[in-house]
Amino acid sequence: MSTFRLDGAEVPFEEGDTLMAAAVRAGRHVPHLCWHPRLGQSGACRLCTVRVDGRLAAACTTRAAPGLVVENRTPDLDGRRRMLVQMLFVEGNHFCPGCEKSGDCLLQAAGYELGMTGPGFEEFHPQRPVDASHPQMWLELNRCILCKLCVRASHEIDHKDVFAIGGHGIGTRLLINSPSGRLGDSALAPEDFAAQVCPVGAILPKRRGFAVPIGARRFDVGPGADAASAPAEEAGDVRN
Ligand code: SF4
Ligand code: FES
């Protein structure tokens, strides 16, 4: 099997693999927010940016090739990642201690893993609505990081196209495909992949809180825990 080098270690890959897919299969962690093993490529968050033969590239969209030399966890790349995470935090309204997703949130975990100790930038405090119109699901747009996972899940897996991204620049936002533009009028069902794939606490089931207690959640065991590990993937785990 062909290999490339990732932080000095040989990583085998299969034909068509991205660097991310091969790294995850080999049990190597590449920080990411918008990648999921069941979904197509996006390149939305850039957190997975690595250096490939000296050039910056997204690990989740770059094809593996024999002999590539890939740098992943270097101080400068992690510094770039830390800045991206800080920008995501200040661009939305993220109050981790009061969020049901705390301890199970990729954004929060990335902040811890990358050594984020503060916002780093002036906080925007945008005014965004909470859509509680669906009988079984919440949509908390204050926490949305526009990763497009729900958009892709609804299109590629559920075949419903419930979600889309609209607007430009600071006005970019998640849109709902329904007559009213609200979730309650959409075709979203709680068992949809799109309803379960959100890496943060933006799409959550109603009437379900702290089913997994604080302290026992997946990132409570360690901030760098890679939820995209091969065992979870093989088990059909929807988590990214
Ligand atoms: Fe990503 Fe969640 Fe926002 Fe959808 S609602 S774009 S999955 S953060
Ligand atoms: Fe690669 Fe988001 S995980 S760009």
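Indexing begins at 1, ligand by ligand and atom by atom, following the structure's order.
- Interface atoms of ligand 1 facing Ile203, defined by a heavy-atom separation under 4.0 Å, are 5 (S).
- Residue contact check: Cys144 has heavy atoms under 4.0 Å from atoms 3 (Fe), 5 (S), 6 (S), 8 (S) of ligand 1.
- Protein heavy atom closest to atom 4 (S) of ligand 2, with residue, atom name and distance, is Arg46 N, 3.1 Å.
- Counting heavy atoms only, Cys147 comes closest to atom 1 (Fe) of ligand 1 of the residues Cys147, Pro199, Ala195, Gly201.
- Using a 4.0 Å cut-off between charged nitrogen and carboxylate oxygen, Glu14 and Arg63 do not count as a salt-bridge pair.
- Of all atoms in ligand 2, listed by their number and element, those nearer than 4.0 Å to a heavy atom of Ala44 are 4 (S).
- Because the distance cut-off is set at 2.8 Å, His32 fails to qualify as a neighbour of atom 2 (Fe) of ligand 2, as none of its N, O or S atoms comes that close.
- Here Cys150 does not reach atom 2 (Fe) of ligand 1: none of its N/O/S atoms is less than 2.8 Å from the metal.
- Judged by the shortest distance from any of its heavy atoms, Leu146 lies inside the 4.0 Å radius around the atoms of ligand 1.
- Atom 2 (Fe) of ligand 2 lies under 2.8 Å from an N, O or S atom belonging to Cys45.
- In this structure the side chain of Thr74 never reaches within 4.5 angstrom of the side chain of Val50, judged on heavy atoms.
- Using a 4.5 Å cut-off on side-chain heavy atoms (C-beta onward), Tyr112 and Met116 make no contact.
- Using a 4.5 Å heavy-atom threshold, the side chains of His134 and Leu139 count as separate.
- The part of Leu174 lying near ligand 1 is the side chain, judged by heavy-atom distances below 4.0 Å.
- Interface of Trp35 with ligand 2, defined as ligand atoms under 4.0 Å from a residue heavy atom, comprises 3 (S).
- Judged by distance alone, the side chains of Asp161 and Ser154 never bring a donor and an acceptor atom under 3.5 Å apart.
- Counting protein heavy atoms only, atom 2 (Fe) of ligand 1 is closest to Cys198 SG, 2.3 Å.
- Under a 4.0 Å N-O distance rule, the pair Arg217/Asp104 does not qualify as a salt bridge.
- Heavy-atom proximity to Val200, at under 4.0 Å, picks out these atoms of ligand 1: 8 (S).
- Close contacts between ligand 2 and Cys48 involve ligand atoms 1 (Fe), 3 (S), 4 (S) [criterion: under 4.0 Å to a heavy atom].
- The main-chain N or O of Trp138 is never found under 3.5 Å from a side-chain atom of Lys206 such that the two would form a donor-acceptor pair.
- In this structure, Met87 and Phe121 have side chains that are in contact, with non-hydrogen atoms separated by less than 4.5 Å.
- Near Cys60, meaning under 4.0 Å from one of its heavy atoms, ligand 2 places the atoms 1 (Fe), 3 (S), 4 (S).
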**Item:** Residue pair Arg73, Asp7: steps toward the salt bridge (Lys or Arg N to Asp or Glu O under 4.0 Å) verdict
**Value:** CA-CA 7 Å; Arg73 304 310 303 269; Asp7 286 342; over 6 Å; no

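- Aromatic ring orientation, Phe193 versus His36: perpendicular (interplanar angle above 60°, classes split at 30° and 60°).
- Heavy atoms of Ala202 found under 4.0 angstrom from ligand 1 belong exclusively to the side chain.
- Ligand 1 places these atoms under 4.0 Å from at least one heavy atom of Ile145: 3 (Fe), 8 (S).
- Residue Lys148 touches ligand 1 through its backbone alone, judged by heavy-atom distances below 4.0 Å.
- Checked by atom type, the side-chain pair Gln108/His94 shows no donor-acceptor distance below 3.5 Å.
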